[in-house]
Amino acid sequence: ARAAVEYVEVDTNHYKGNYPESCVVKGLDDPALLATPVLDQMDRFTPDNIDSFPWKTVLPRTKCAGHVQRQYTTAEGTLEACGPVTHLLVMIYPDGGVSRVHVHGKLAPAGAAKL
């Protein structure tokens, strides 16, 4: 769904020594791509072309820590308000364990109307 990201949680729970030094979350607003089947969407993103999409920063490069759940919000100013997005890209540097990434947002008017 097309939504404005308001909350991101990066969870490194259970990774006490093998966690990434930092992470970045970027968003892409492409409703036309969203309208295609999911497997076709996945085929569009390759290591060779990932940088050719107009990604917007949601969570700037941020230090990670081991075995914690860190929350970031637009209300607290730890997330950038970049408008609605349809796809997210999570990057970790250099590598390491991330248990999960939770994302919450507010549906864009057109997205809410489709529900």
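Side chains of V5 and T74 form no contact here, defined as non-hydrogen atoms less than 4.5 Å apart. Taking the side chain as every heavy atom from C-beta outward, K16 and H67 approach each other to under 4.5 Å. Y72 is not listed as a side-chain neighbour of V58, based on a closest heavy-atom distance of 4.5 Å or more. Between E6 and L79, the closest side-chain pair of non-hydrogen atoms is not below 4.5 Å. When side chains are defined from C-beta on, E21 counts as touching P94, because their heavy atoms get closer than 4.5 Å. By the 4.5 Å heavy-atom criterion applied to side chains, L28 and F45 are counted as neighbours.
Screening T86, D29, D30 for a side-chain hydrogen bond (donor to acceptor under 3.5 Å, both in side chains) involving R2 leaves a single residue, D29. Here the rule is side-chain contact (heavy atoms from CB on, under 4.5 Å) with V25, and of L88, T62, T57 only L88 fits it. Each of V103, T73, T78 was compared with Y7 under the side-chain contact (heavy atoms from CB on, under 4.5 Å) criterion, and only T73 meets it.
Ring pair F53/H87: centre-to-centre distance not below 6.0 Å.
For the residue pair R61 and S22, the shortest heavy atom distance occurs at NE-OG, 2.7 Å. Across every non-hydrogen atom of R44 and N49, the tightest pair is O-ND2, 2.7 Å. Here the closest heavy-atom approach between residue A1 and residue L107 is recorded as CB-CD2, 3.5 Å. Contact detail for G105 and A3: the closest heavy-atom pair is C-CB, 4.5 Å. Residues T12 and P20 come closest through the heavy atom pair CG2-CD, 4.4 Å. When all heavy atoms of I92 and C23 are compared, the closest pair comes out as CG2-CB, 4.1 Å.
Linking Ile, Leu, Val, Met, Phe, Trp and Tyr whenever their side-chain heavy atoms come within less than 4.5 Å leaves V90 and Y93 in two separate clusters. The same ILVMFWY cluster, assembled from side-chain heavy atoms under 4.5 Å apart, contains both W55 and V24.
Atoms NZ and CD, on K26 and E80 in that order, are 10.5 Å from each other to the nearest 0.5 Å. Distance check: L33 CG to D40 CG gives 9.0 Å after rounding to the nearest 0.5 Å. Considering NE2 of H102 and CD of Q71, their distance stands at 9.5 Å, rounded to 0.5 Å. With values rounded to the nearest 0.5 angstrom, L89 atom CG is found 14.0 Å from K56 atom NZ.
Between the side chain of Q69 and the backbone N or O of N13, no donor-acceptor pair lies under 3.5 Å.
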Hey, mind stepping through Y19 and V68 against side-chain contact (heavy atoms from CB on, under 4.5 Å) and telling me if it holds? CA-CA 10 Å; Y19 58 89; V68 297; over 6 Å; no
